[in-house]
Protein chains: 2
Amino acid sequence: MSRLIATYHVRSDARAIAARAQGIAVEQSVEMPLSAIEDRQILDDIVGRVDDIREISPGLFAVRIALARATVGDDAGQLINMLFGNTSLQEDVVLHDAELPDDLVAKFAGPNIGFAGLRERAGAGKRALTCSALKPQGLAPSRLAGLAARFARGGIDYIKDDHGLADQSYSPFAARCEAVAKALRESGAHARYVPSLTGDLDALRAQIAAAKSAGIDTVMVQPMIMGLSNFSRLVAENRDLAFFAHPTLAGAARIAPPFLFGKVFRMLGADALVFPNHGGRFGYTPETCRAIAGKALAEWHGLKPAVPVPAGGMTIHRVAEMLDFYGSEVMLLIGGALLDARERLTEATAAFVETVKGYRYG
Amino acid sequence: MSRLIATYHVRSDARAIAARAQGIAVEQSVEMPLSAIEDRQILDDIVGRVDDIREISPGLFAVRIALARATVGDDAGQLINMLFGNTSLQEDVVLHDAELPDDLVAKFAGPNIGFAGLRERAGAGKRALTCSALKPQGLAPSRLAGLAARFARGGIDYIKDDHGLADQSYSPFAARCEAVAKALRESGAHARYVPSLTGDLDALRAQIAAAKSAGIDTVMVQPMIMGLSNFSRLVAENRDLAFFAHPTLAGAARIAPPFLFGKVFRMLGADALVFPNHGGRFGYTPETCRAIAGKALAEWHGLKPAVPVPAGGMTIHRVAEMLDFYGSEVMLLIGGALLDARERLTEATAAFVETVKGYRYG
């Protein structure tokens, strides 16, 4: 029977790790005493199996567990449930990675247009992409549209909503889409608006309809808040849209970000992966960031690459350093630091864009 | 302007806590430098405000932050986004609790029938409720139905799916509902079947329709996997159903379980709250468990109480101790330990039920 291989990092005493690993294998499969299982076939084909235990540093073990493909079915929510559902409630363990069989990955779409498609839409050639963010929340659609026009005149490629923007009374979603899209058309620039979708699946569909009716072809989603199953459904229903995935509520360290963003979000259809860059407001290390970018771009089950979007307190002063670090295979996102230029917003944006365009890619 | 008060527990140096608290207030509201905000109204009404900082143990601070009600709108997903979205990516902080304004809580239903309704349906009077679980996964519907009948003949009140049971090829959801419901009818006992719902909102609705058509009036959901907005939507659409909330993927310690389960899940409509009991397979302390039960039952914005369901490796030997601990205001859930009785499943269930019925409630 086909298996997926989940790798957990477990803090444990060396004498206890074998039993702890077996405990995870049971928790993530049949969740009951094996002595109570009468069926040979369930013991053979359904119960999780510890494949390998390796000490990677003192007191920290990499545990590889083979989980039955059949328990997942074709549902993205059930995939994360079987990989980490109850085990997420135990503090000694992190879901580090998983290897998935081809037929499972093939149930999902991967990115609709991927990094190459996002570059092509922006006419960006082989350079890094640029992005900024509309905020603060509390502004009316007309004010956000004014900011968008100034970003656009500075030459930015993509303008995403701050992930706090939803469908609030002071900035209703549909009115915001109309206002920003109109301002971008009138700017004559090539920038694309990426509104943030929120709510239940019905609300998400209604927002996509409103965005499309405003001529928008790229949207941002919050997979850990909307539910992975709903994310997957929206991607399948909208093959013409590009999706930015935002990391909100993705927690820190309990599910390894390179796996969650670079594999799961990409597999479910993220074209662009927003994540906290090292040295900003969040604690991700350079190694974690490099691993996220690596996974997002790597050949994996034939899926289109997604573009890594390191963000979170970035400034124009860091552009060269970030391009040194990530190369051209990246979308740079600077939000608040451009807005902080206030009346010089267009000029600050242009300086950001020119730095990216003028960088000597190796 | 109306505010919600979020309390975070932050590990910090005493000299750094004021700036760190202000950082969280900005992160969870406008997410940009305040120097870039031109509007007085946004600074006054939208930006998060640090209300209080108190050291609760050396190096650990309780930080109260007032967040604008207006940023949440009426959406449950946006509520958790504004309470903990980006801050969940920072390792030094836990969302401990939140006080919500009446008009926000009133947007949600709370439990449809609550603890009292679950007791009434079971004809349980004032005693504790009993519950068991169908597993292992891998069994066909007819086999699960056979187990259910034996639990029922033992006198159990509720029989829930193991949360790993979904809509897999070896046990399709609709066929399972039909088979288990029929077996329970034929048993002549009063037990109710509580199937576990999975998938996107469309799939969840289809499963509810299948469950109702089999005569089922209680279901289990996984709020952190399905998305809080979708949970809230299902409760609103199905006022006749009772909902068990399962804690899968709820993580450990990053959102305090008493808040997440006892307030948020209850507010969104959980009638019964399954959580890991202390001393079982999970690391929750007795204090955490007591706090979860306390929040589930407490008077809070006029919502119906939800019944706490401590679980996870419980055995019949712990029943008296658990009733001493929780009193009669509880549903006891024993799964694998009853199944481990194998051919004596009905007798073991009856012993469990009799122990609960015969306990001298104080």
Side-chain angles (χ1 to χ4, degrees), chain A residues 27 30-33 35-39 42 45-46 70-71 73 75 77-78 80-82 84-86 88-91 135-138 162-164 166-170 198-202 222 225-227 229-230 233 247-254 276 281-283 335-336 339-340 342, chain B residues 27 30-33 35-39 42 45-46 70-71 73 75 77-78 80-82 84-86 88-91 135-138 162-164 166-170 198-202 222 225-227 229-230 233 247-254 276 281-283 335-336 339-340 342:
Chain A
E27 192 70 56
V30 293
E31 201 193 333
M32 66 184 288
S35 57
I37 299 179
E38 301 173 0
D39 296 64
I42 289 176
D45 295 343
I46 301 292
T71 63
D75 178 59
Q78 177 68 0
I80 200 74
N81 191 28
M82 297 319 299
F84 201 50
N86 269 10
S88 82
L89 300 166
Q90 295 167 321
E91 293 201 47
K135 42 189 167 184
Q137 61 170 319
D162 185 28
H163 80 288
D167 193 21
Q168 294 106 337
S169 57
Y170 46 74
T198 57
D200 62 42
L201 183 59
D202 291 351
Q222 306 172 346
I225 292 181
M226 74 200 296
S229 305
N230 298 292
R233 170 64 64 120
T248 180
L249 204 66
R254 301 300 314 287
R281 299 197 310 271
F282 301 86
L339 293 163
D340 209 12
R342 299 178 72 141
Chain B
E27 191 70 56
V30 294
E31 201 193 334
M32 65 184 289
S35 57
I37 299 179
E38 300 173 0
D39 297 64
I42 290 176
D45 295 344
I46 300 292
T71 63
D75 179 58
Q78 177 68 0
I80 201 74
N81 191 28
M82 297 319 298
F84 201 49
N86 270 11
S88 82
L89 300 167
Q90 295 166 322
E91 293 202 46
K135 41 189 166 184
Q137 62 170 317
D162 185 29
H163 81 288
D167 192 21
Q168 295 106 337
S169 57
Y170 46 74
T198 56
D200 63 42
L201 183 58
D202 290 351
Q222 306 172 347
I225 291 181
M226 73 200 297
S229 305
N230 298 293
R233 169 65 63 120
T248 181
L249 205 67
R254 301 298 315 286
R281 299 197 309 271
F282 300 87
L339 292 164
D340 208 12
R342 300 178 72 143

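By convention in this document, chain letters (A, B, ...) are assigned in the order of the sequence lines, proteins followed by strands, and residues within each chain are numbered from 1. Values in this document were obtained by computation on a predicted structure and should not be read as measured data.
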d(E27(A) CD, L89(A) CG) to nearest 0.5 Å is 8.5 Å
Bottom line for S169(B): the part with an atom under 4.5 Å from chain A's heavy atoms is neither
When the 4.5 angstrom heavy-atom criterion is applied to Y170(B) and chain A, the contacting part is side chain
Interface check, chain B: of P276(A), A166(A), P33(A), most non-hydrogen pairs under 4.5 Å belong to P33(A)
Looking only at D39(B), N86(B), D162(B), most heavy-atom pairs under 4.5 Å shared with chain A are made by N86(B)
So, the part of N230(A) with a heavy atom under 4.5 Å from chain B: the answer is both
M32(A) and A36(A) have their tightest heavy-atom pair at CE-CB, 3.6 Å
The interface call for M82(A) against chain B, heavy-atom contacts under 4.5 Å, is side chain
When the 4.5 angstrom heavy-atom criterion is applied to P247(B) and chain A, the contacting part is both
Is a side-chain donor or acceptor of Q78(A) paired with a backbone partner of T71(A) at a separation under 3.5 angstrom?
yes
Shortest non-hydrogen pair, S35(A) vs D340(B), comes out as OG-OD1, 2.7 Å
Cut-off 4.5 Å, heavy atoms of chain A, and the answer for I42(B) is side chain
Minimal heavy-atom distance between H163(A) and Q222(A), with the atoms involved, is O-NE2, 3.0 Å
Per-residue tally against chain A (heavy atom, under 4.5 Å) across G73(B), G336(B), P136(B), G227(B) peaks at P136(B)
Minimal heavy-atom distance between G199(A) and S229(B), with the atoms involved, is C-CB, 3.5 Å
Between the CG atom in L201(B) and the CE atom in M226(B), the distance rounded to the nearest 0.5 Å is 7.5 Å
For K135(A) and E31(B), indicate whether the former's side chain and the latter's backbone hold a donor-acceptor pair under 3.5 Å. yes
Answer key: most heavy-atom pairs under 4.5 Å with chain A among L339(B), I80(B), D202(B) is D202(B)
Checked L249(B), D75(B), D167(B), I37(B) vs chain A; the most non-hydrogen pairs under 4.5 Å come from L249(B)
